[in-house]
Each structure stands twice: as structure tokens, then as C-alpha cells.
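One structure is given below, encoded as C-alpha cells.
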Protein chains: 2
Amino acid sequence: MNNSELDATDWQILRLLQKDASLTNKEIAFELNRSVATVHERIKRLKEEGYVKKIVALLDRKKVNKGLIAFSHVQLHDHTAQTLSTFEKEVARFPEVMECFQMTGTFDFILRIATSDMDAYHDFYRNKLANLPNITTVQSFFVLSEAKSDTAYPI
Amino acid sequence: MNNSELDATDWQILRLLQKDASLTNKEIAFELNRSVATVHERIKRLKEEGYVKKIVALLDRKKVNKGLIAFSHVQLHDHTAQTLSTFEKEVARFPEVMECFQMTGTFDFILRIATSDMDAYHDFYRNKLANLPNITTVQSFFVLSEAKSDTAYPI
DNA sequence: ATTGAAATGTAGGAAAC
DNA sequence: GTTTCCTACATTTCAAT
């Protein structure tokens, strides 16, 4: 198989591992009617070539005391490369910030922020986020309930 | 150890597994200066008690042809339990919708939508999302770049 | 690229301290 | 909680196709 294309078996393996990476090679091989060695070889390649970035444990956020998730829309004073990249660099250093995306539209960034509760969020907001330079507005929305939460891409 | 509290070792294990769940018990044991049997027992308990929900592979979304991520804010006509839960149930069935959260604020839901490109998003929007009943407005924002993207909670 | 078989390593359980 | 021992799997390599 060449280097730049995935075949049907590769996609099936990726689909399975996205849902459950604790599957053994044997289980995957059985599922796909392939040998264990083949599955092993494929997965090794998929990791080497960067299709699989990493294998992680997903935790129950409420059990680990992250009861409050906020999405915050941030607007900056200006959009010079300097201002944008300083903001990105600084905000990424806050552990509460799980995700930071630069966006199209009327604001500049979406942040996903995980804290234990509203007090902790407030503390983060006043003492960390609002101290960053060049912020014009921050508008925050809070998760009431999760109807769906999936890390698997539809492939 | 009792059932309802995690000690420092448990938290360390969770921290490690959130970052890299392909670590072996042996590697974790070495890192924490514990025996393999202890680590094994702890992880078993952490899974049984639901702290670890699952182990998954995270893929490179651009390599698997999901070049466009949208966040969509959805507002519904009314907020009866019936309307809310019908929307949640229907929207969760679309594979493009990776996440759906009910939110505080001026709109009702945030969706995270993964598609290959703007054409595919448009198709999803016109032929799937906009066909659901009781939707008043949908406002969409598109990811330009990812400054940070982490599934690990700050614990 | 795929396979079965062989070698090595890890998981998972149990016993004694 | 640790150590040791044990068995059953799982991973990894390899020669052959």
C-alpha cells in the first residue's frame, strides 16, 4: 500500500479506534476478518503517518470536579499578527482553557473553559482572562446540559 | 481505600491517562514510584467507578477530511420539555454533529459540526439541520485556526 | 501487503507478607 | 500497599508468500 491513501480497512480501523481504543488487535482483526499481524501493521502506520494523533482517556467531568463548562466569545482591539499571536499564546497557558479557536464572524475567538463552579469561573475571568492585554469584550455562555458529546469524527 | 474519594496517586494516574492512555501500567508505576499491581488495581477501580469513561483515539481532523468545524447557535420557538427533547434527540442523530449543549443565554443550543468543507456544511445545513421543527434561528461561526485543543481537564 | 508462527512483554489474578 | 508467582493474552518481529 502506498503512503498517501487509506483503503477501506484503514478507515474501518480508524472508525473503531475513535470509538474505543482499548480494543485489542485481536478483536479488531476478528471484526474485520483480517489477521492480527495485518491490523498491527496498519495501526502502526496510521500512528506513524499522523492519522492517529494520540490515545487518551476521557474522564467524567463531573466526577473530577469540573461541573461548569463555559464557551466564551472574545473580541480583541486589533487584528495585527502580534496581537493575535500574543493572545493565543497567553490564553493557551491557562489550564482552565481547554480549547481556543480563532473564528470567522463578529468576534475573534471561542474559548472552552472548564472550572468546578461559577465561583471558580469568576475567579478565572477576573484574575486571569480579563488581565490579558487587548481584549475588548468577553461574552460567556454556560452549559446547562450535554445532549451529545463525541470526539469521534464522522468518517 | 474507600470508595468515594480519590487520593493523590489516583489523581496522578488520571492526569497521565488523560494525556496518554497508551502508557503501560509498568510505565505509570515507574513514574509514580508504585508497584505495577497497585497501578493495575487503581486503574481498574477508576474505570469501574466511572472516573474514566472511555479510551479513544484522537484523529487528525484534516487528514480524515474534516477540514471545516462550525459552531452553531440554535434558537427554538419554545422551551417546552417536548420541544427541547425532540430537538436534542433528532440533532444527535446527525453524524456531522459532534457535540450538542443546551446553554444559558440568548440562544438555546451550541452545536459543534464537522464537515469536509463549506459545500458539505451548506448541504448539512439546508438539508438536515434546517429541516428540524421548531427552529427559529441558526447562527454559525467557523474555525479559522486552532490555538489550543485539549480533551484533558485541568486536574 | 498479508500471513502464521515464534519470541517477548504485559495484564490480571491470587497468595503471603 | 508491596512482592512474588502464575497463567492467559497481547504485542511485536520475522521468514515466507
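Lettering follows sequence order; numbering is per chain, from 1. The basis for the numbers below is simple: all heavy atoms, side chains too, and nothing from hydrogens, waters or symmetry mates.
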dA11(C) phosphate, OP1 or OP2: any side-chain N/O from His40(B) under 4.0 angstrom?
-> no
Side-chain ion pair, Arg45(B) and Glu48(B), N-O less than 4.0 Å = no
Atom CZ of Phe30(B) and atom P of dG9(C): how far apart are they, to the nearest Å?
-> 17 Å
Please work out if Thr24(B) contacts a base, only the sugar-phosphate, or nothing of the nucleic acid, heavy-atom cut-off 4.0 Å.
-> sugar-phosphate
Given dG13(C), is OP1 or OP2 found less than 4.0 Å from the side-chain N or O atoms of Lys44(B)?
-> yes
Specify the separation, in whole Å, of atom NZ of Lys26(B) and atom P of dT4(D).
-> 14 Å
Verify the contact: side-chain N or O of Ser35(B) to OP1 or OP2 of dG1(D), cut-off strictly under 4.0 Å; return yes or no.
-> no
Round to a whole Å and report the spacing from CD1 of Ile43(B) to P of dT10(C).
-> 14 Å
Below 4.0 Å: OP1/OP2 of dG1(D) and any side-chain N or O of Arg34(B) | no
Counting only side-chain N and O atoms of Asn25(A), is one of them less than 4.0 Å from OP1 or OP2 of dT11(D)?
-> yes
Whole-Å distance between dT3(C) P and Glu41(A) CD?
-> 12 Å
Lys63(B) atom NZ: more than 12 heavy-atom contacts under 6.0 Å | yes
Between P of dG12(C) and CZ of Arg45(B), the distance in whole Å | 16 Å
Value in whole Å for how far the P atom of dA11(C) lies from CG of Leu23(B) | 10 Å
Using 30° and 60° as the class limits, which term best fits the ring planes of Phe101(A) and Phe71(B): parallel, tilted or perpendicular?
-> tilted
Could you state the NZ-C1' distance from Lys47(A) to dT12(D), rounded to the nearest angstrom?
-> 12 Å
Atom-pair distance (CD on Glu27(A); C1' on dA10(D)), nearest Å | 10 Å
Hey, is Lys66(A) close enough to Glu96(A) for a salt bridge, meaning N to O under 4.0 Å?
-> no
Looking only at heavy atoms, what is the nearest atom pair of Met98(A) and Ala114(A), with distance?
-> SD-CB, 3.5 Å
